[in-house]
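Working notes, beginning with the structure itself.
These values consider heavy atoms only, across backbone and side chains, with no hydrogens, waters or symmetry-generated copies. For ligands, and for the atoms within them, numbers begin at 1 and follow the listed sequence.
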Amino acid sequence: MPASVWPAIDGIAYGGDYNPEQWPREVWREDVRLMREAGVNLVSVGIFSWALIETSAGVFDFDWLDEIIGLLHENGIAVDLGTPTASPPAWFFAEHPDARAVNRDGVVMGFGSRGMASHSAPAYREAAIRIASTLAERYADHPAVVMWHVHNEYGVPVGEDYSPHAQRAWRTWLQEKYGSLDALNAAWGTAFWGQHYGVWEHVGVPAAAPSVVNPAQRLDFARFTDAQLRACFVAERDAIRRFSSLPVTTNFMANQHHGCDLWAWAREVDIVSDDHYLWAADVEGEIGLAIAADLSRSVGGGKPWILMEHSTSAVNWQPRNIAKRPGEMARNSLSHLGRGADGILFFQWRAGRSGAEKFHSAMLPHAGTESRVFREVVDLGAKLNRLAEVRGSRVHADVAILWDFESFWAQDLEWRPSEDVSHDERIRAFYERLWRDNITVDFALPGHDLSGYKLVIAPAQYLLRQADADNLNRYVEAGGTLVVSFFSGVVDENDAVHPGGFAAPLEPALGIRVEEHLPLRAGVTTTIDVGGASHTADIWHEHLVVSEAEVRATYVDGPGAGMPAVTRKRHGAGTGWYVSTRPDAAGLAAIMAEVYADAGVAPLDAPAGLEIVRRTGDADDYVIAINHAATDAELALEGVDLVTGRAARGTLEVSAGDVAVIRTPRTAHGSGR
Ligand code: GAL
């Protein structure tokens, strides 16, 4: 383990990716001067610099890197030093053409972009370890370097790789997992469509085929891909640790890329770091942001984390790249901070003139310092500087939403009952209700110890291992409140339907059986009766058979007409709810109001659009208030606003679009994670 788990930086880390190699040296001096003006104290350097550091195999040029790291140090700016292994140089692919990744259609990736290496190619792994150890050996004791940034966003742009190297590694991985072909044939159900294997050499990567490829094989391939990527990270991390005790991270993409099982990854990094970009098409992108932030905190077991990248304004890679409006960057940043981030960094420091990302915003935009964005960057730096004491404080949640990458991998395969069913959409819907009620959420796996939570929600737990179902049943029996949404508990770890039928493993807690799925045609809406009030529901009905539960909502029309739509069962000391359709927002709110009452959780009394999160420190609490609304808001609160220095005497006022961080007396919490 590293000597220190948090990089040696005072207060909240602030800065971004810095790519000095794209600029002449005279610009570097201006960069560091402006970084100081903006309050920048940490930059990530060298992430895409492999070709300029190792100019040919084993030949290194450190002059420019020494110089810029030295200059940053002289100016009091710490360095998060990258290993540039996300983009190997041209010479590497010229020497190792076989180390290029191959996509599912058999297309070999070309040079001139980034991320085209096969993570299973021995030459790639060797070269990656060589550059990581060389950098670590050289800079481990440099006083500017405070942490290591391995690679960049594992899994993007290349995750699954169908190259010959991947093929070989895949067979080895399967042999280790299954031991025998009999076990593999059984797990994959290869009796179906005559896929039985008699010889290991016949087991292939699940490349494009005439029709749907065995879903268990594809699910294993997703696991294998995740494992290969993680092995690359671990190899680089361990190479660094031979020379350095500084913390090592790699930047995740919580809630934006599901290819890496971040629960497993978080165990391997010293500090969780995450990249988050708003989806411009989402007019309430702050809710997706909150999901990503809560997930980043949760996978790290609640410890503070670093927002490694976000944008000051527009990105450049979406169909329509929408510029952030005044104040939005600060609101986004404070929302991450409120949800546990102790570092707020951006992609990138200075907007690049050339290359594919020239239309991406930056801390220092093309327009220069006389710009709204730069003024807001300087202002944010000053704000964060005043929040130094928040660092290290924790976020407490009474509610957990289940988030299981493995289940997503399985659910996203082909030939599901309805293309309208999406785990992201269901998680967002339940999360959104809690976000609007200002109830803080952790994410969790179904196998976790959930006993600290008053309420656990499973919006999309398609794949559910029997042991994890047992855990959920026990959680309810011991007094917890569990809400399960449709298309959950359907298959086991091999994507095989559970014996006893859909959702059978959860029957003890829920008291229902799902006899048949009844998906709806596109655009069809139906009515459900929730406690005497009518609400609409769409995409999905189910034929539920109630063994031992109360019916809390009924299908009025549609294929489930007359049947139960929502049920509630007292099980042991707790309660199990089942929601077999997609209610509209008002219908879900009505159901959740009853659920809250069962669980003993309550919405916070705050105006709509005022996002409130609380961090708990050793001596004080910090209430982070973010006003997303176009009107000023008030909240009953006593304390001091660290942003403005003003006292909140009983009432906190947050102007439209503004943020506040109130130091307030510490509250006692229950036993959440
Ligand atoms: C990230 C990536 C950065 C940059 C950024 C642009 O996913 O790590 O290198 O490309 O996107 O939004």
Side-chain angles (χ1 to χ4, degrees), residues 15-23 42-52 79-88 112-117 119 147-159 229 232-233 236 249-260 262 265 269 271-282 285 288-289 292-293 295-296 305-324 328-329 332-333 336 341 343-366 373 377:
D17 282 17
Y18 180 37
N19 299 302
E21 67 274 30
Q22 296 173 15
W23 296 93
L42 180 68
V43 289
S44 305
V45 176
I47 300 174
F48 292 103
S49 310
W50 196 342
L52 296 174
V79 172
D80 170 30
L81 191 54
T83 68
T85 53
S87 199
S113 179
R114 63 175 167 184
M116 63 292 271
H119 292 91
M147 64 186 288
W148 297 99
H149 180 301
V150 169
H151 200 90
N152 191 66
E153 296 187 336
Y154 277 99
V156 170
V158 169
L229 294 170
C232 286
F233 168 76
E236 285 196 42
T249 191
T250 183
N251 44 343
F252 296 165
M253 287 159 287
N255 197 24
Q256 298 203 322
H257 165 73
H258 295 326
C260 294
L262 298 185
W265 282 77
V269 296
I271 298 175
V272 166
S273 68
D274 188 50
D275 298 349
H276 182 265
Y277 293 97
L278 296 178
W279 284 110
D282 179 1
L289 179 159
L295 181 62
S296 300
W305 54 280
I306 292 180
L307 177 66
M308 189 58 85
E309 294 179 20
H310 68 151
S311 66
T312 57
S313 190
V315 299
N316 65 308
W317 41 264
Q318 295 182 18
R320 292 172 193 82
N321 297 294
I322 307 300
K324 291 189 181 175
E328 194 173 353
M329 177 185 76
N332 293 167
S333 299
H336 284 292
I344 303 293
L345 280 70
F346 293 90
F347 177 83
Q348 60 178 333
W349 162 250
R350 184 186 276 271
R353 287 185 57 219
S354 308
E357 298 191 311
K358 54 182 162 293
F359 297 121
H360 198 289
S361 60
M363 298 175 86
L364 182 58
H366 292 296
V373 166
V377 162

**Asked** Any non-hydrogen atom of His276 lying under 4.0 Å from ligand 1?
**Response** no
Any non-hydrogen side-chain atom of [X] less than 4.5 Å from a side-chain atom of [Y]?
X      : Y      : answer
His151 : Leu229 : no
Leu345 : Ser44  : yes
Val45  : His149 : no

**Asked** Closest non-hydrogen protein atom to atom 3 (C) of ligand 1, residue and atom name please, with distance?
**Response** Glu309 OE1, 3.3 Å
Can you name the atoms of ligand 1, numbered from 1 with element, that are less than 4.0 Å from a heavy atom of [X]?
X      : value
Trp317 : 6 (C), 12 (O)
Asp275 : 8 (O)
Glu153 : 1 (C), 2 (C), 7 (O), 8 (O)
His360 : 6 (C), 12 (O)
Phe48  : 9 (O)
Asn152 : 2 (C), 8 (O), 9 (O)

**Item:** Straight-line distance of Ser311 OG to Asn332 CG, nearest 0.5 Å
**Value:** 7.5 Å
**Prompt:** Roughly how far apart are Thr83 OG1 and Ile47 CD1, rounded to 0.5 Å?
**Reply:** 9.0 Å
**Prompt:** Pick from Thr250, Thr249, Asn251: which one makes a side chain to side chain donor-acceptor pair (under 3.5 Å) with Ser273?
**Reply:** Thr249
**Request:** Could you check which of Met308, His151, Glu357 puts a non-hydrogen atom nearest to atom 4 (C) of ligand 1?
**Result:** Glu357
**Prompt:** Which bit of Arg114 gets closer than 4.0 Å to ligand 1, counting heavy atoms only: side chain, backbone, both or neither?
**Reply:** side chain
**Request:** Give me the one residue out of Phe347, Trp279, Phe359 that meets ring pair (Phe, Tyr, Trp, His ring centres under 6.0 Å) with Trp317.
**Result:** Trp279
